[in-house]
Amino acid sequence: MYDTPLILKFDDIDAGMLPLVGGKAANLGVLTTAGLPVPPGLCVTTEAYRRVTEQAGLEEVLDALAVTAAGETRALNELAGRARQLVLAAPVPADIADAVRRSAHGPVAVRSSATAEDLPHASFAGQQDTYLNVIGADAVLDAVRRCWASLWSDRAVAYRAANGIDHRAVLAAVVIQEMVQSEVAGVMFTANPVTGRRREAVIDASPGLGEAVVSGAVNPDHFVVDTATGRITERRLGDKRLAVRSLPGGGVEHVETGMAGACVTDAQIRALAELGGRVEDHYGSPQDTEWAVDAGGALWLTQSRPITTLFPIPRHARPAGAGSAVAGEPGGARIYFSFSVAQGVYAPITPMGMSAFRLLSSSAAALLGVPVTDRLDGAPQFAEAADRMFIDVTGMMRSRVGRVGLPRVLDVMEARSATVLRGLFDDPRFSVTQRSVRPALRRLVKNAIRFRVPARAAQALLKPEKAHRRAERLGVRLRAQLAAPADATALERLDHVERILGTRAVPLLPTVVPGPLAGFAMLGLAYRLLGDRARPGELQTVLRGLPHNVTTEMDLALWHLATRIRADREAASLLLGTPAAELADRFGDGTLPGVVDRGLKEFLAVYGVRAVAEIDLGVPRWSEDPTHVIGVLANYLRLEDPALSPDALFARGAAEAVPMIKSLSARVGGVRGLIVRFALSRARALAGIRELPKFSMVTILAAMRAELVTIGTGLTTRDLLDSPQDIFFLTLEEVRTALTTAPGKTTPEQHAPTALKRNAPAAPGQNAPAPSEGKTPAASRQSTPASSGGSTPTAPGDAAPPYPATLRVLVSERREDAARERRRRHLPRVLLSDGTEPEAVAIAAPVDGALTGTPASAGSVTGIARVVLDPVGAHLEPGEILVCPSTDPGWTPLFLTAGGLVMEMGGANSHGAVVAREYGIPAVVGVARATEHIVTGQRITLDGTSGMVITA
């Protein structure tokens, strides 16, 4: 009656069977067929779970879960409890029960293997149940039933809700595996999960079964090993006071123990690291493994899954030579600076937004004389990771000029990044190799002459109004050049977009820069002339209320509109009492009161090109969706104190600046005083133009977005896309392919393996980078829609589905990728090519009186402590720091609101530490007597990088 198997041995499981066997079993099958040392076992497939639960009455619970938010913990727990009861009460068909009973041979471990488990983007570490040393057919069947029910544990439901995983789509398989009666066991990460460094094995070990380490019930021995050399670089012994051991009749016991020395030898540590290297090489990405050593000294792998918390290493479009070197520079270690973070954009950039910046970077590289192989690939220094933009600054950091200039620029732009880069000065991998200033000086002089920078800067100093008029003319010229002809074809519009972004946009900016450059040069001159006569903060006073600042003018324009609306009682009442999204809809329908409608149209006509995260042209502009603007207007209407109004603050700042200039110049006196007055006056007159280059670029991006929407409308009409907005989840090259491919045809790239699709999860065991390690952008850009056959690669000769269908699949997958990436909580400012995040290894100096433990999740947080000894009924206010003895997976729903985690027990690889890293909260574990030293309500600071907890 049923063709789908109920039982599969590990030998019969391959990477493409995840929907049938779940993540854990799929990985164990892959490891087994690869010849790695895995205890024999089998899997009770999801078919058994499906048949048992299809009549269990879960539909009502599933419907309720679908509308319950991740933060509604109590409701989620109630629904999870109902689901568990229904699953446990469901009768097991005789054929399934018999098949499970026949699989019970000797002591076994019975472990859950859900279809949403051990995935590249979500580990589900410890969220379902495991039963150890199960003996007897009936006991095995009971353990299988409980594993099915554990799919609905409170923690698993909360985890799925937090990660946006559809409860309805998840099924449970169960692994039944020969029990390893281990003498010593533990966890090994093949990359350092705290610092991010690749090829550095991190091992936690303790006597007995590995459950003691995994659950965080013991302070294990901790080792760090360089996988390439086998050198043990860190050794920290735990007290190992507890061991989990098997009982003769089944089950396990927790016994008090103690061992002064290490529980594993150096030879075993190196063997573990070597085995971890083999596992990582097989998967093509860093792995989180569990291992055991039996009484005979044999080493076993009992689990492997991707490390989900590592930030992927940035990739160049076309690496030149070995070591992912940038063209013209030596290979080796690289330094990547996050341009996304520096711009304050933490959300993922859309594929089209990234494609646009590749073109812009090619144009910028051309100005600097840097050769570009393919302008669609971007400058050789342009890199991408996790849908964020990075710049390879290795060459600049190894240059005498760059080492001085880059951190100084970042001091103003992104000070923390400047600090991180300066911290790399002493790293011998990044020593200065370009000591001559001549090449940089030649490029500077060449471009300065080309764009008449000195002449325009001098003119701005003599007559600032000319700089202002030039800025106005730029705006007029931009608006005239940016729109394609009304009768342009889709391909002509695409050519126009590529031409503007690739050759026209960047050269416009140097025509504006001389004005603000001269202004800040004058500020620097005044600073030098004043010396210690200027007290801290006084020069900043000079820059308050700057005129000619387009961003300030925008804010004031919105405030003036709010003032006009305030005078209309009915309109003001409407804005204050109606959700902004509803008001935006009414604006689109033309049904808002006249003062609001007219005012918004006037404002958006000038500033509608802007948006939150506006450097991404894939983001809707305010002119398309004014919800944010309307929300700000409503907030302005709630501001009742006139002294705090934006125009009053601006006027007050401007009024303070003028006498400050007089005061500072008077302190110097004489000719120097006159120069200071002139310099500061010019700084005020010109520095405000600093915002214009970015506003000009945003104007360009908004115009190109409009052209792409028009193209997207055409593709939607041709039934290639579901919506014009879908075009922003394609690249420029993919759009060109879509426009030039005849309907119903496929492209050659469509016959490529699905694994080449941008960010498509590699199936367990595929010898290719997993999404946690990123994809090379070149592969992304060239992977015009591939087959839609799930995670199993398409054979070269297989026919691909029709082009429109695959284009939709590609867009859908990328939307899912973007939604997943938006949940990423931590973005590095600077990242090295070995995966190291320099901020995560910059150990803070010891603090007297600080509690110390093991770093488990990088980052620092200050907040109110909440000491919890029992998670049942416990509640954390958002941002509170959870302080507890230890955590098993049952504690992890509390992590949803926790600002940080302090544990008395556990290692960096315990479940609590893993989940803390996934949720992006700093964590320190192994802090002796933390629950005694810290009291609820106390304000504490924990540093998950150094392992310190400061209580005073």
Side-chain angles (χ1 to χ4, degrees), residues 24 27-28 30-32 34-39 109 118 123 125 177-195 197-216 218-238 240 243-244 259 261-307 310 834-835 854 856 906-911 913-914:
K24 188 178 279 88
N27 281 314
L28 290 171
V30 166
L31 295 171
T32 299
L36 292 161
V38 177
D118 295 353
S123 73
Q177 189 173 23
E178 184 178 298
M179 188 72 192
V180 178
Q181 305 296 352
S182 55
E183 289 296 305
V184 61
V187 176
M188 171 174 57
F189 284 68
T190 67
N192 194 313
V194 177
T195 67
R197 184 171 294 145
R198 306 314 200 257
R199 309 302 287 184
E200 185 173 77
V202 179
I203 300 167
D204 284 352
S206 191
L209 304 180
E211 178 66 16
V213 175
V214 171
S215 66
V218 67
N219 288 326
D221 290 343
H222 179 80
F223 308 94
V224 179
V225 188
D226 184 318
T227 306
T229 64
R231 185 170 64 93
I232 302 172
T233 59
E234 185 179 336
R235 184 193 307 266
R236 186 170 61 250
L237 303 186
K240 306 178 290 293
V244 178
M259 181 182 292
C263 62
V264 286
T265 66
D266 284 5
Q268 288 174 319
I269 294 169
R270 293 189 180 95
L272 275 167
E274 188 273 335
L275 177 60
R278 288 169 56 198
V279 174
E280 179 174 322
D281 289 342
H282 182 72
Y283 279 94
S285 64
Q287 297 290 299
D288 165 5
T289 67
E290 295 178 20
W291 56 270
V293 178
D294 64 21
L299 177 58
W300 298 94
L301 274 173
T302 58
Q303 182 169 304
S304 183
R305 58 183 170 228
I307 303 176
L310 294 174
D834 66 358
T854 299
N909 297 338
S910 61
H911 279 318
V914 170

Participant: Measuring from Glu200:CD to Asp226:CG, what's the distance to the nearest 0.5 Å?
Facilitator: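 If I round to the nearest 0.5 Å, the distance is 7.0 Å.
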Participant: Has the side chain of Ser182 got a donor or acceptor atom that lies under 3.5 Å from a matching backbone atom of Ala185?
Facilitator: no
Participant: To the nearest 0.5 Å, tell me how far Phe189 CZ sits from Thr289 OG1.
Facilitator: 8.5 Å
Participant: Check whether any side-chain heavy atom of Phe223 lies under 4.5 Å from a side-chain heavy atom of Asp204, and answer yes or no.
Facilitator: no
Participant: Apply side chain to side chain contact (heavy atoms under 4.5 Å, CB included) to residues Leu237 and Met259 and explain how you reach the verdict.
Facilitator: CA-CA 10 Å; Leu237 303 186; Met259 181 182 292; over 6 Å; no
Participant: Flag the pair Asp281 and Arg199 as a salt bridge only when some basic side-chain nitrogen lies within less than 4.0 angstrom of an acidic carboxylate oxygen.
Facilitator: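 Between Arg199 and Asp281 there is a salt bridge, with a charged N closer than 4.0 Å to a carboxylate O.
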Participant: Please walk me through it: do Thr227 and Thr190 pass side chain to side chain contact (heavy atoms under 4.5 Å, CB included)?
Facilitator: CA-CA 8 Å; Thr227 306; Thr190 67; 5.9 Å; no
Participant: For residues Val279 and Leu31, determine if any side-chain heavy atom of one lies less than 4.5 Å from a side-chain heavy atom of the other.
Facilitator: yes
Participant: Measure the CG-CD1 distance between Asp288 and Ile307 for me, rounded to the nearest 0.5 Å.
Facilitator: 6.0 Å
Participant: Side chain to side chain contact (heavy atoms under 4.5 Å, CB included) for Val293 and Val264? Distances and angles first, verdict last.
Facilitator: CA-CA 9 Å; Val293 178; Val264 286; 5.6 Å; no
Participant: Looking at Glu280 and Arg278, is there a salt bridge between them, counting it only when a charged N and a carboxylate O are closer than 4.0 Å?
Facilitator: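 The answer is no: the pair does not qualify as a salt bridge.
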Participant: Is a side-chain donor-acceptor pair under 3.5 Å present for Gln287 with Ser304?
Facilitator: yes
Participant: Looking only at non-hydrogen atoms, find the nearest pair between Ile203 and Ile269 and report the distance.
Facilitator: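 Heavy atoms only, the tightest pair is CD1-O, 3.8 Å.
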Participant: To the nearest 0.5 Å, what is the distance between CG (Asp294) and CD (Gln181)?
Facilitator: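 Result: 9.5 Å between the selected atoms.
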Participant: So does Gly261 get a backbone contact from the side chain of Lys240, meaning a donor-acceptor N/O pair under 3.5 Å?
Facilitator: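 The answer is yes, because a donor-acceptor pair under 3.5 Å joins these two groups.
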Participant: Is the shortest side-chain N to carboxylate O distance from Asp834 to Arg198 below 4.0 Å?
Facilitator: no
Participant: Give me the atom names and distance for the closest heavy-atom approach of Ala205 to Val213.
Facilitator: C-CG2, 4.2 Å
Participant: Any side-chain heavy atom of Arg235 within less than 4.5 Å of one from Asp221?
Facilitator: no
Participant: If we ignore hydrogens and angles and just use 3.5 Å, is the side chain of Gln268 paired with the main-chain N or O of Thr265 as donor and acceptor?
Facilitator: yes
Participant: Between Ile232 and Val224, is the side chain to side chain contact (heavy atoms under 4.5 Å, CB included) condition met? List the steps.
Facilitator: CA-CA 6 Å; Ile232 302 172; Val224 179; over 6 Å; no
Participant: Kindly give the heavy-atom pair with the smallest separation between Ala212 and Val218, and that separation in Å.
Facilitator: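 Result for this residue pair: O-CG1, 3.3 Å.
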Participant: Side chains of Gln177 and Leu28, heavy atoms from C-beta outward: is any pair under 4.5 Å?
Facilitator: yes
Participant: Residues two or more places apart in sequence or in another chain: which of them pass salt bridge (Lys or Arg N to Asp or Glu O under 4.0 Å) with Arg270?
Facilitator: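 With neighbours one apart ignored, the set is empty.
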Participant: Can you name the closest pair of heavy atoms from Pro193 and Leu310 and give their distance?
Facilitator: CA-CD2, 4.2 Å
Participant: Identify the residue among Leu275, Val184, Thr302 that makes a side chain to side chain contact (heavy atoms under 4.5 Å, CB included) with Trp291.
Facilitator: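 Among the candidates, only Val184 passes.
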